[in-house]
Amino acid sequence: MPMLEDGMFPAEGESRPKSGWIIPLEVVAALLIAGIVLLLFGGVVSRYVFSQPIDWIDETVSMAFIWVGMIGAAIAMHRNEHLRLATFVDRLSPRTREFVNAVALVCVAAFLIALIPPAIEHAKQEWVIEMQTLHIPNTFRVGAIAAGALLMLAVVLLHVARTVPKAQLAGAAVMVGGAALAFYLLSPFIAQFKVGSLVLFLVGVVALLLAAGTPIAFCFGIGVMGYLAFGTAVPIGVIVGRMDEGMSNLVLVSVPVFVLLGCILDATGMGKAIIDILAALIGHIKAGMSYVLLGSLFIVSGISGSKVSDMATVAPALFPEMTRRGNKRPEMVALLGTGAAMADTVPPSIVLIVLGSVAGVSIAGLFQSGFVIAMVLLLTLVAVARWKARKEQTDGTKRPTWNKIGRLALIAAPALALPFLIRSAVGEGVATATEVSTIAVIYALIVGHVLYGGLRFGRLYGMLVETAALSGAILMILGTASAMAWGITQSGVVQVMSQFLTTMPGGAFAFMAASIVIFVVLGCLLEGLPAVLLLAPIMFPIAKKLGIHDIQYAMVIVSSMNIGLMLPPVGVGFYVACRIGEGRPEEVMRAIWPYMAALLVGVIVIATVPALSTIAL
C-alpha cells in the first residue's frame, strides 16, 4: 500500500461534509468490490472443486475492476484521500500554503478537462471491439475512464466553489494558464530537444508539482500530457490508451482485495491474537518485546500485504506494554518503521504483485523468494535490537503459565494459518495471486465471524467503501505512471540508459550497486509503486542482459526502495511511522540510523549472494 501523505485539499480544521450524490457512488463501489471477491472465489471453486472453469469471470472482473477504480478515485477525491507529498507544502506559511493548494487544484482540474474529450473518443472507438467471452462492446469497460474523469472534475469544481477564495482562484488560474501559454509559444523550440523536453516535463514539471502537494497520480499525468502536447507531435489522446493498459492487468485486482483483507484482519482482532501469542512466548526475554514487534510485523504482513495496515495493527497492541517495560518511544517507532520495511517482501506484498505485473516476473516465484529475503532482513534488525537491549533489565518480567500460552495459541492458530494458506495456494497452483486474495478474504470473514466476534454489516460496508477509495487512488497512479513510462520509452532515453549501464565498468556488480542507489533515492521521493512502474520496464531487461536473475533483482530493488521509504528526513514512510507510533520525528530520526544501517547490510548481502533469492524456487 502506498504511504504518501493523504489529502488533496488540506485545510486545517475543515471537516468535509458528505455530498448527497456521493452516497450512491459509495454503494456502487462497495457492491463492485463485493462482486469481484465473490466472482473470483466462485471461479476458484468451480475450477478446482468441480473441474468446470467459468470462462467469462476474468472479463467480468476486469470490467468491474476498472469501474470500481475510477469510481473509487472520485470517492477518494471527495474524501481527501488521494496520495500526495505534503512535506514541502506543510513548511509554508498559511497564506502561501493556501495559494499553492489553489494552484494544485487548478492543475488537477486542467488535466481532467483535457483528458475527458480523448477519453470519450477512446470509448467510442472501442465500440467496434467485442469482449471475447461477454460478447459486448469494449466501450462498456473503457467508458469507466471518461466517467471517472467527469466525476473527479465535478468533485474538484464543487470543492473549489465552496472553499477557495475568488482572488486566490483567479491568481492560480492566471499562473497555470500563463505557464501553459508559455509552453505553447515555446513548443517549436522545446520540440527540437527530445531528451531536453523529456527532462523538462517528466522531471522538472513533475518534481515541481510534487513539491506543490499535487496528488502524485496527477503529477505524472500532467507531466506526460505536457511532454506530448509541447514536446512532441504525438496527440495527447495516447494517454488514455496507456492509462487503460496500465489499469487493465488482471493481476492488479488482488491489490484492493488484499487491502480489504487488511481491514478485516484489524477489525476482527485476528492481528491482535497473533501479537498476544508472540508476546506470551518471547516477551519475557531480553529484547523480547522488540522481537515480538518484528515477529508480529513479519507475520501480519503475510496477511494484509500493506505496510500501513501492518503498523496500524501492531503499534496500538504492543506500544503500551513496551512503554511499561521501559522502552523509549523513539526506539519503538524506529523499529516499527524499519520492521515494516523489512516485511514488505513477505507475500502478499502489494509491491511484489505490481512488480511482477509490470516486469513480467513470476509472482509465485516472488512470493516464494520473499519469505527468505524477509528473514535475512529480519535477522539484521534482530541483531541490532539485541545489541541495543544489552543493558535491559528483565528481572521483573515473568513468562505466562503454559496454560495461558496454550489458550492464546489456540485462539491465534486460525489467524496464524492464513499466511501459510496464501503461500501454499499459490505455490501448489490452486489459485493465482489474484484469486488467492479472495480465498484469504472469505477465510478471514468466516473465521472472524465464528471465532473472533465477526463484523457488523455497517462496519463491513465501511471497509468496502474504504477499499474502493484507496484502490481508486492506487489505480490512478498505475494508469498515469504507465503513460509516463511509455513516454520515457518512446523518447529513446531507455536505449541510451541501457547502453550506459550495460557497458559501465564493473559489469553486473556495478549495475547492482547503481540500482541500489537509484531505488533508495526513488524510494525517498516516490514510494514503491510509482518507482516500480517507472523504472522496472527499463531496468529489468538490463539486468537480464548482465545475467542477473530476475527474482534476485526484484528482491534487491524492493528492499532498496523500502530503505529509501523510511530514510529521514525525506522518506515519506518515516513520517507515516511517526504518525502511527506517535513519535516526534526529530527524536525518531536519531534512533533510526542503526536499524537503517542493518537493512542496508541486508540488501548488500542479498545483492552479493544470489542463492538467497533463488533457494526457495
Side-chain angles (χ1 to χ4, degrees), residues 257-285 288-307 309-318 321 336 339-340 342-350 352 367-368 370-375 377-379 381-382 399-428 430-431 433 436-455 616:
V257 185
F258 275 128
V259 171
L260 176 61
L261 178 61
C263 294
I264 296 171
L265 174 73
D266 181 46
T268 58
M270 294 175 73
K272 186 177 184 302
I274 293 171
I275 294 168
D276 288 344
I277 184 59
L278 288 177
L281 288 171
I282 59 176
H284 61 284
I285 64 177
M289 293 308 292
S290 295
Y291 299 159
V292 172
L293 176 60
L294 292 172
S296 300
L297 288 167
F298 186 94
I299 296 173
V300 171
S301 180
I303 303 174
S304 73
S306 161
K307 290 185 287 293
S309 295
D310 301 342
M311 292 191 289
T313 299
V314 171
L318 274 180
E321 177 62 18
L336 177 74
M342 165 273 298
D344 202 35
T345 62
V346 178
S349 166
I350 291 174
L352 289 185
F367 277 13
Q368 290 175 322
F371 272 105
V372 178
I373 296 307
M375 283 298 300
L377 299 175
L378 175 64
L379 290 174
L381 292 176
V382 164
R399 185 180 64 190
T401 64
W402 284 110
N403 285 337
K404 183 174 182 180
I405 291 175
R407 288 196 301 272
L408 292 173
L410 187 63
I411 294 171
L416 287 168
L418 190 49
F420 300 99
L421 172 67
I422 292 170
R423 186 174 185 268
S424 60
V426 175
E428 298 298 324
V430 176
V436 76
S437 60
T438 64
I439 295 175
V441 164
I442 299 298
Y443 174 88
L445 282 172
I446 294 172
V447 171
H449 178 73
V450 175
L451 299 178
Y452 295 94
L455 291 170

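None of the values given here were measured: they were computed from a predicted structure.
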S.K.: Looking at every heavy atom in both Ala412 and Ala273, which two are closest together, and how far apart are they?
M.R.: CB-O, 3.4 Å
S.K.: Do you know the tightest heavy-atom contact between Ala374 and Val346?
M.R.: CB-CG2, 3.4 Å
S.K.: Within this structure, what is the CD1-CG distance for the pair Ile264 and Leu445, rounded to the nearest 0.5 Å?
M.R.: 4.0 Å
S.K.: Kindly give the heavy-atom pair with the smallest separation between Val257 and Thr438, and that separation in Å.
M.R.: CG1-N, 3.8 Å
S.K.: So how far is it from Ile405 CD1 to Leu410 CG, rounded to the nearest 0.5 Å?
M.R.: 13.5 Å
S.K.: Who passes side chain to side chain contact (heavy atoms under 4.5 Å, CB included) against Leu378, sequence neighbours left out?
M.R.: Leu294, Phe298, Met342, Met375, Val382
S.K.: Measure across Leu278 and Val292 and return the closest heavy-atom pair with its distance rounded to 0.1 Å.
M.R.: O-CG2, 3.5 Å
S.K.: What residues, two or more places apart in sequence or in another chain, satisfy side chain to side chain contact (heavy atoms under 4.5 Å, CB included) together with Leu408?
M.R.: Asp276, Ile277, Ala280, Lys404
S.K.: Does Tyr443 reach the main-chain N or O of Pro414 with its side chain, forming a donor-acceptor pair under 3.5 Å?
M.R.: yes
S.K.: Say you draw a straight line from OG of Ser296 to CG of Leu336; how long is it, rounded to the nearest 0.5 Å?
M.R.: 10.5 Å
